[in-house]
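Below is one structure, written out as structure tokens, with a few remarks after it.
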Amino acid sequence: MALAALVLLLAAAVTGFLVVKQGLGSGAGSGEQAVRETVPADDSAAMQSEVFQSVPLPGESASGSGVVGAIGPVAAVRITPRPPIPAAAASTTGQRLAGRIICIDPGHAINTNSGTEPIGPGSSETKTTEPGGTSGVVSGVPEYVVTLAIAKQLKVLLEAEGAQVVMVREGDSFEGLARDRTLIANQAGADLYVRIHCDGSTNQSANGVSTLYPASIPGWTDDIVVESTRAAKSIQAALVNGLGVPDLGAVERSDMLGFNWSDVPAILAEVGFMTNPDEDRRLASPDYQLRVAQALDAGIADYFSAS
Ligand SMILES: [Zn+2]
């Protein structure tokens, strides 16, 4: 009898586990934490690439039902190595980003896409999906490599402070439209969507950092402008302070697909010019990439601390 009861209990536990996993997309149940703890960190990259390859097109996710729920929040959970700490506990643990969901988007990818797509929902104005980024004038390193290196360093820093980090890509390639990147941030319900890019110019002496934020466009970005602007100013100040390079300002933009499709506060950091020989050499070095990540981390934390 005792053995039968034990078997029954075990079966119930396993079933419960599966049910909790299935139900993750729909909200934060008490079981969510238990599942988070059972997801091994090493598994997360593989899980994540699966998730990202199945990101739906905007038309498919417009209802906000099943598909969105099944992908977004699960992605957020999968790549989180520890459960979030309640906000009330944050000050005593030093986890200043506890409970925050941050989506990091390393700009560009190894694969380009010369197709075009609308610059915002329902727009007849279009932009090239993935024209490819700039590259180092001295180092020859492509922008997508530098942005990913910085993004990975930033992920570690943010997670150490209790944030849940959702990466748009963790490998060199990104399959999908440009707006699919933004949909990952939307579906994750990110508190902040951080896009990382490097600048380029035909003028090799141009150098310094800028942080872009969305202009207010009714129906597209009017609901995220206030927070995006505040985040951009915090991050720009931290970049200038942390890197000691020229301050090219926080800059409003109305033409950016990655802003116009965003439902969450969004910024784009241009962390230096790869067309400037000095800045290119620095950006290609892991030490400087870490400094950029630390500056971004400081700016993000400043933004949330004032929330
Ligand atoms: Zn770029």
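One-based numbering, in listed order, for ligands and for the atoms of each. Note that the coordinates shown come from a computational prediction; the quantities given were computed from them, not determined experimentally.
- Note on His108: counted as a metal contact of the Zn ion (ligand 1), an N/O/S atom lying under 2.8 Å.
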- Item | Leu268/Thr211 under side chain to side chain contact (heavy atoms under 4.5 Å, CB included): CA gap, chis, key distance, verdict | CA-CA 6 Å; Leu268 186 155; Thr211 305; over 6 Å; no

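- Remark: side-chain polar atoms of Gln95 are not paired, donor with acceptor, to backbone N or O of Leu97 under 3.5 angstrom.
- Within His197, the N/O/S atom positioned nearest the Zn ion (ligand 1) carries the name ND1.
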- Walk me through it: do Glu159 and Gln164 pass the test side chain to side chain contact (heavy atoms under 4.5 Å, CB included)? CA-CA 6 Å; Glu159 287 181 343; Gln164 294 180 38; over 6 Å; no

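- Of all N/O/S atoms in Glu143, OE2 sits nearest the Zn ion (ligand 1).
- The side-chain tip of Arg181 points at the ring of Phe174 from less than 6.0 angstrom away and within 45° of straight on.
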